[in-house]
Number of protein chains: 2
Amino acid sequence: MRNPWGQGERLRLEILEAAARLLSELGGEQGLTIRGVARAAGIAPASIYQHFADKSALVKGLIDYDYEQLSAAMSAAEEQCPEDAPLDRVRAQMKAYCQFALDSPGHYRLMINNRPVSRTGPLIGIVRQMIEGFERCERAGVRLRIPPQRAAVMVFVGTHGRVALWHASEDPTHAHAILDFVDELVSLVTE
Amino acid sequence: MRNPWGQGERLRLEILEAAARLLSELGGEQGLTIRGVARAAGIAPASIYQHFADKSALVKGLIDYDYEQLSAAMSAAEEQCPEDAPLDRVRAQMKAYCQFALDSPGHYRLMINNRPVSRTGPLIGIVRQMIEGFERCERAGVRLRIPPQRAAVMVFVGTHGRVALWHASEDPTHAHAILDFVDELVSLVTE
DNA sequence: CAAGTCAGTGAACGATCGTTTGGTGACTGG
DNA sequence: CCAGTCACCAAACGATCGTTCACTGACTTG
């Protein structure tokens with residue numbers, strides 16, 4: 001008997017990567033089909049079902065895959081900032097969030113719209129990360145106009161709104177405008 | 001020859017209203033089909049094509065219909081506020097915007113996602129309305145922390161972000177939380 | 001009354017989708 | 001070598017979709 005975790009798991013990942021590639025090309029979940037993913041992965045549609053129970057399982061796997069990428073990007077951006085500049089760390093985190101949304105609009109929309117924003121979902125984890133960031137700011141002496149929880153929600157929600165409208169735009173302004181918006185949001189919640 | 005603008009235009013409206021009803025029930029454009037609209041309107045699917053060239057024309061008509069409703073609701077809310085309280089007028093406008101998005105999530109998402117946010121689109125008109133509101137505030141002596149254009153964009157974008165996340169939530173908090181968020185946004189851009 | 005116009009319809013076409021099935025070929029342990 | 005296991009696939013099924021077409025019946029016009 002062959003080891004089911006050797007080739008098996010590797011192909012599962014290859015399918016997810018093919019799905020991610022396809023979603024990036026499509027720019028939306030319209031057209032993200034079993035047949036399309038199979039074509040992108042170079043296998044037969046029926047083979048998908050060897051690794052995923054059904055389409056919703058594949059989409060769920062893809063979303064988990066994407067959240068890992070986003071979370072890693074945000075952590076990396078944070079750790080690239082000096083420890084003694086907590087506000088810069090918050091800004092860097094949020095800008096990494098934006099960069100992901102700008103680079104992969106299809107993925108971003110899929111994550112937001114196809115995964116209920118529950119109190120235990122991955123999005124809430126990101127917000128909590130932001131809250132901790134603002135709490136560190138306050139402890140470091142940064143004056144906030146509102147409590148750190150509210151500041152984090154405000155910056156996060158505002159950023160999401162800006163990114164969502166950018167996605168809906170037919171004439172996307174340059175990315176730096178979205179990143180500047182993050183700075184503007186942060187400066188609004190600080191004194 | 002019968003007058004083509006008698007029964008004809010009336011049935012066009014009935015189809016649009018049936019489509020609006022269906023979209024409200026569905027909660028999303030998934031399932032908003034020619035066949036479904038025809039069933040909701042009590043006619044045959046083929047009859048739709050007597051009034052709309054194709055499905056995209058019907059959707060476009062529905063979106064226009066929705067923007068009229070939203071714009072009217074915002075204007076009505078504004079005019080219900082006293083003339084000498086410009087900040088309250090801005091708040092009332094934005095809350096009417098929220099109320100529409102909360103009452104008709106399917107319509108709201110359709111409007112945002114299926115109509116490119118161009119410099120001449122209906123959404124920009126709403127933003128412009130907000131800008132004028134904040135300019136009136138400034139002339140009336142209200143102190144803003146940022147220029148009125150930026151304040152309007154900030155409040156509008158933040159509100160959209162909050163509403164969009166509410167739509168994605170599986171456990172929708174009560175509507176007043178979203179309306180409070182508008183107040184919080186306004187208080188952030190004022191001194 | 002006859003001719004013409006037009007909204008409305010039932011039935012079908014072609015495409016696309018998720019999913020299932022039965023079989024094939026490569027590889028395994030004994 | 002042989003029986004067993006498993007990944008993989010071609011083909012098909014059933015459903016749903018947008019759209020087209022030939023036809024009908026009611027109405028208007030002359």
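Reminder, nothing fancy here: chain letters follow the sequence lines and each chain counts from 1.
- Between Y108(B) and Y97(B), a ring centre-to-centre spacing shorter than 6.0 Å is recorded.
- Rounded to an integer number of Å, the gap from H51(B) NE2 to dT9(C) C1' is 12 Å.
- Transitive grouping of hydrophobic side chains (ILVMFWY, heavy atoms separated by less than 4.5 Å) keeps L179(A) and W166(A) in distinct clusters.
- L11(A) places its CG atom 10 Å from the C1' atom of dC8(D), with the value rounded to the nearest Å.
- We find that CD of Q30(A) is positioned 14 Å from C1' of dT16(D), with the value rounded to whole Å.
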Does R150(B) form a salt bridge (charged side-chain N to carboxylate O under 4.0 Å, His left out) with E138(B)? I'd like the steps, not just the answer. CA-CA 13 Å; R150(B) 301 306 305 161; E138(B) 207 169 37; over 6 Å; no
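- The distance from atom CD1 of I48(B) to atom P of dT20(D) is 14 Å, rounded to the nearest whole Å.
- Rounded to whole Å, atom P of dC17(C) lies 17 Å from atom CG of D54(A).
- With dG18(D), dG18(C), dA10(D) as the candidates, the nucleotide lying closest to the side chain of A44(A) is dA10(D).
- In the set dC8(D), dC17(C), dT9(C), dC8(D) carries the atom at the smallest distance from any side-chain atom of S47(A).
- A sub-4.0 Å separation between OP1 or OP2 of dA7(D) and a side-chain N or O of Q50(A) is present.
- Taking atom OH on Y49(A) and atom P on dT21(C), their separation rounds to 12 Å, with Å as the unit.
- Spacing between atom CZ of R39(B) and atom P of dG10(C) amounts to 13 Å, rounded to whole angstrom units.
- The neighbour count for E191(B) CD, taken as heavy atoms of other residues, nucleotides or ligands under 6.0 Å away, is above 12.
- When each of R35(B) and L32(A) is assigned the nucleotide of DNA chain C bearing its nearest heavy atom, the one mapping closer to the 5' terminus is R35(B).
- Atom CZ in R12(B) sits about 14 Å away from atom P in dA7(C), given to the nearest Å.
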